[in-house]
Protein chains: 2
Amino acid sequence: MAKIRERNKELIIQAASEIFAERGFAATKTIDIAARAGLPKANVYYYFKTKENLYRSVLESIVEPLLQAATPFYDDSDPTIAFKSYIRAKIRISQQHPHASKVFASEIMHGAPHLPDDIKAQLMEQTRRSSEQIEFWIKQGLMAPVDPQHLLFTIWASTQTYADFDWQIAAVTGKEKLTDKTTIPLPA
Amino acid sequence: MAKIRERNKELIIQAASEIFAERGFAATKTIDIAARAGLPKANVYYYFKTKENLYRSVLESIVEPLLQAATPFYDDSDPTIAFKSYIRAKIRISQQHPHASKVFASEIMHGAPHLPDDIKAQLMEQTRRSSEQIEFWIKQGLMAPVDPQHLLFTIWASTQTYADFDWQIAAVTGKEKLTDKTTIPLPA
DNA sequence: GTCTATAAGGTGATAGAC
DNA sequence: GTCTATCACCTTATAGAC
């Protein structure tokens, strides 16, 4: 039955996100993913064929939200509103997909060795278009003349740091686990 | 001769920093480290006994500079000068030890599974003392009343992002490799 | 101290019964 | 579709000649 298939694939991707986020691709054993999903290891291979495929599926699960996050740059002609929406969306992603978000960060940090080229291209194109729009706003005098790319880097760094370095932040603040209120209150 | 010993250990740590930074602990093969250092694999084990020891040596090579970076908070009674020095020091570390810096970030991101407890304790203690000093400045009315810990998190994120995500930044900006001038110009 | 050859152990992947 | 038993390979680590 197709329902079982979908349910199991979802269970496996969820378990895989968590363990890949904790340990990284190479340090993760498929048997541990299977155990956390409550299934035998062979099922993981039955559904995903290889460990690498499974890892890519986790990466792909976060790419759609990431691409979606940049739409304010195209919909809106007001930079104040656009940046507010963009930053909100980025923080939401860190909160709603903390594991996949971290897997993605780790992947980028190590030079994206497993990220498919077409996804790389989409993300690059999105960044290019966003920079272009920022450039346009600057030319129109709607915002301060900053380097668009470096502005984006700063936004990425500050919105992702709470998801990526959650262990460090929990350790320093003395919390067991991060909650909504540990992190940045979202602008209304 | 002791000189050969020191030279070889240095060669191996340098090669290890680079490869651990590129691929992470688990994905790194000791034979690749040996090859990059220009030595046979057995020498790596002769000098460091285990792969984990070697990895820890790389981590330890960055801890001293990190602890050193926070001294402005204790030497100086003026927050403006102290923060300027601190941020300079953090950026210097990212520039001068980009590989070890990245290894450290990756380690923290994955919950510091290999970081020795005494080093963890030192880093935590340093953060506690820095927060305390910031608190003190705020009480004296020398700076705006922000949360000291979250201020530190933001500084960490923005100073490390150029080293940690160098691949992404190079890809977006179209540079082959990051140089001094690609990144943030240091305040004088 | 250096290096080759090998042992020991673990992990991704699959065959084949159910 | 599910799962147990097993294979094939790879990597850490070491023994022992030089």
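Throughout, protein chains are lettered first and strands after them, A, B, ... in sequence-line order, and every chain is numbered starting at 1.
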*Asks:* In this structure, how many angstroms lie between the P atom of D:dT2 and the CZ atom of A:R7, rounded?
*Replies:*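 About 9 Å, once rounded to whole Å.
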*Asks:* Where the side chain of A:I4 is concerned, which of C:dT14, D:dT2, C:dT11 is the nearest nucleotide?
*Replies:* D:dT2
*Asks:* Taking atom CG as the centre, does B:L142 end up with more than 12 heavy-atom neighbours from other residues, nucleotides or ligands that are less than 6.0 angstrom away?
*Replies:*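 It does: B:L142 CG has more than 12 such atoms within range.
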*Asks:* In whole Å, I'd like the distance from the CD1 atom of A:I31 to the P atom of D:dT6.
*Replies:*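 About 15 Å, once rounded to whole Å.
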*Asks:* Among side-chain atoms of B:H114 and B:E107, is any donor-acceptor pair under 3.5 angstrom?
*Replies:*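 No, no side-chain donor-acceptor pair sits under 3.5 Å.
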*Asks:* Is the distance from OP1 or OP2 of D:dG1 to the nearest side-chain N or O of A:N8 less than 4.0 Å?
*Replies:* no
*Asks:* Between C:dC3, D:dT12, D:dC3, spot the one nearest the side chain of A:L39, thanks.
*Replies:*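 The nucleotide sitting nearest to the side chain is D:dC3.
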*Asks:* Go through B:Y162 and A:H150 one step at a time and tell me if the side chain to side chain contact (heavy atoms under 4.5 Å, CB included) criterion holds.
*Replies:* CA-CA 10 Å; B:Y162 283 81; A:H150 291 274; 2.6 Å; yes
*Asks:* Between C1' on C:dG1 and CD on B:E6, what's the gap in Å once rounded to a whole number?
*Replies:* 14 Å
*Asks:* OP1 or OP2 of C:dT14 sitting under 4.0 Å from any side-chain N/O of A:Y45?
*Replies:* no
*Asks:* Measure from NZ or CZ of B:R129 to the centre of the six-membered ring of B:Y74 and say whether it is under 6.0 Å with the direction within 45° of the ring axis.
*Replies:*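 Judged by the rule (NZ or CZ under 6.0 Å from the ring centre, within 45° of its axis), B:R129 counts as positioned above B:Y74.
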*Asks:* Could you give the NZ-to-P distance, from A:K9 to D:dT2, as a whole number of Å?
*Replies:*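 That distance rounds to 12 Å.
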*Asks:* Counting only side-chain heavy atoms from C-beta out, which of D:dT14, D:dA13, C:dA13 sits nearest to B:K49?
*Replies:* D:dT14
*Asks:* To the nearest angstrom, how far is A:K51 atom NZ from D:dC10 atom C1'?
*Replies:*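 Distance, rounded to whole Å: 13 Å.
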*Asks:* With sugar-phosphate meaning primed atoms plus P, OP1 and OP2, does A:Y47 contact a base, only sugar-phosphate, or nothing at under 4.0 Å between heavy atoms?
*Replies:*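 Counting heavy atoms under 4.0 Å across all strands, the contact made by A:Y47 is with sugar-phosphate only.
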*Asks:* Once you round it to whole Å, what is the distance between P of C:dT11 and CD1 of A:I19?
*Replies:* 13 Å
*Asks:* Can you tell which of D:dT12, D:dC3, C:dT2 lies closest to the side chain of B:Y46?
*Replies:* C:dT2
*Asks:* Can you tell me how far P of C:dT11 sits from CG of A:L54, to the nearest Å?
*Replies:* 17 Å
*Asks:* Quickly work out the B:I33 CD1 to D:dT11 P distance and round it to whole Å.
*Replies:*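 Interatomic distance, CD1 of B:I33 to P of D:dT11: 13 Å.
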*Asks:* Are any of the side-chain nitrogens in B:E52 or B:R56 under 4.0 Å away from the carboxylate oxygens of its partner?
*Replies:* yes
